[in-house]
Amino acid sequence: MGKDVITACDFASAEATFAFLDKFSELPRKPFVKIGMELYYAEGPQIVRELKRRGHKIFLDLKLHDIPNTVKKAMAVLSRLDVDICNLHAAGTRAMMEAAVEGLTRPDGTRPKLIAVTQLTSTNQESMERDILIERPIDEVVMHYALTAKESGLDGVVCSPLEAGKVHEVCGSGFLTVTPGIRFAEGEKGDQKRVMTPAAAKEAGSDYIVVGRPITAAEDPVAAYLRCMADFIG
Ligand code: C5P
């Protein structure tokens with residue numbers, strides 16, 4: 001899979017998602033989409049099957065974190081849904097990540113890409129120290145989680161575009177960096193704190209940018225998507 005823009009379909013229903021994606025029907029290629037917890041919990045696996053049927057690649061962003069056996073079985077279900085990328089929390093430890101890879105691998109040896117969330121971008125040094133008693137510098141924690149994910153057989157991480165270069169240094173250029181926190185230079189930041197433009201994320205070495213509101217809330221979502229594609233892929 002090459003570099004791409006992944007559009008975050010953060011909608012509460014299938015209707016709202018289809019109404020949004022119908023705007024893209026004139027494009028030669030269906031956008032790569034991300035389905036998160038909100039849409040998945042509202043509509044269940046059927047929304048994944050339907051978007052696949054319509055020709056979209058899918059990043060299913062459910063961030064699994066449980067005991068290894070439970071995650072292994074859940075991943076086996078996701079592999080049958082034929083998603084392209086799915087994810088888990090690296091904090092679930094090496095045993096959980098290895099079990100996830102095992103569960104995700106189909107009988108023919110193929111599997112969706114599996115990436116790890118390191119520290120959520122909503123976590124900062126202060127909350128990490130206070131709430132989960134992790135006292136190392138957050139950058140060190142993120143890189144350690146990324147390396148552990150790699151050693152467990154995963155394909156990459158979700159991270160800030162600001163971390164993409166360092167992750168590639170530590171884990172190799174083939175280890176995927178999937179980066180949210182993307183904004184146009186003149187746009188609203190919303191609740192995202194550390195943001196980058198699509199062009200800067202390209203410079204930083206991101207493999208995939210995940211873009212939500214700059215596309216979904218744009219007056220012309222198709223134009224915003226095409227601008228992301230042009231700036232990020234060129
Ligand atoms: O609207 P916006 O572009 O901020 O959307 C970013 C998407 O990426 C959302 O679906 C959000 O849940 C997701 N995400 C994120 N930061 C992370 C992990 C996921 O913004 N660390």
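Indexing begins at 1, ligand by ligand and atom by atom, following the structure's order.
- Heavy-atom proximity to Gly212, at under 4.0 Å, picks out these atoms of ligand 1: 1 (O), 2 (P), 3 (O), 5 (O).
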Pairs under 3.5 angstrom only: tabulate donor-acceptor contacts from the side chains of residues 152-176 to other protein residues two or more places apart or in another chain.
residue	atom	partner	partner atom	Å
Ser152	OG	Thr148	O	2.7
Asp155	OD1	Arg111	NH2	3.3
Asp155	OD2	Arg111	NH1	2.7
Asp155	OD2	Arg111	NH2	3.4
Asp155	OD2	Leu114	N	2.7
Ser160	OG	Leu162	N	3.0
Glu163	OE1	Ser160	N	3.3
Glu163	OE2	Arg194	NH2	3.4
His168	ND1	Ala164	O	3.4
His168	NE2	Phe175	O	3.0
His168	NE2	Asp207	OD2	3.0

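- Here Pro214 has side-chain heavy atoms under 4.0 Å from ligand 1, and that is the only part of it that gets that close.
- Within the cation-pi definition used here (under 6.0 Å to the ring centroid, within 45° of the axis), Arg227 does not qualify as a partner of Phe232.
- A ring pair (Phe, Tyr, Trp, His ring centres under 6.0 Å) check over residues 103-138, counting only residues at least two apart or in different chains, returns nothing.
- Using a 4.5 Å heavy-atom cutoff, the side chains of Leu64 and Asn87 are not in contact.
- Of the protein's heavy atoms, Gln192 NE2, 3.8 Å lies nearest to atom 6 (C) of ligand 1.
- With atom 14 (N) of ligand 1 as the reference point, the heavy atom nearest to it among Ser122, Ala8, Ala217, Pro180 is part of Pro180.
- Near Arg183, the atoms of ligand 1 lying under 4.0 angstrom from a non-hydrogen atom of the residue are 1 (O), 2 (P), 3 (O), 4 (O).
- Placement of Met37 and Ile58 within a single hydrophobic cluster is found when ILVMFWY residues are connected by side-chain heavy-atom separations under 4.5 Å, directly or transitively.
- Within the listing of ligand 1, atoms 1 (O), 2 (P), 3 (O), 4 (O) sit less than 4.0 angstrom from a heavy atom of Arg213.
- Of the heavy atoms in Thr121, both backbone and side-chain atoms come closer than 4.0 Å to ligand 1.
- Between Leu104 and Pro112, the closest side-chain pair of non-hydrogen atoms falls below 4.5 Å.
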Might you work through the ring-ring contact (aromatic ring centres under 6.0 Å, His included) test for Phe59 and Phe32, ending with a clear yes or no?
-> CA-CA 8 Å; Phe59 168 22; Phe32 199 138; 7.7 Å; no
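- The protein non-hydrogen atom at the shortest distance from atom 11 (C) of ligand 1 is Lys34 NZ, 4.3 Å.
- Every atom of ligand 1 with a heavy atom of Asp10 under 4.0 Å away is listed here by number and element: 9 (C), 10 (O).
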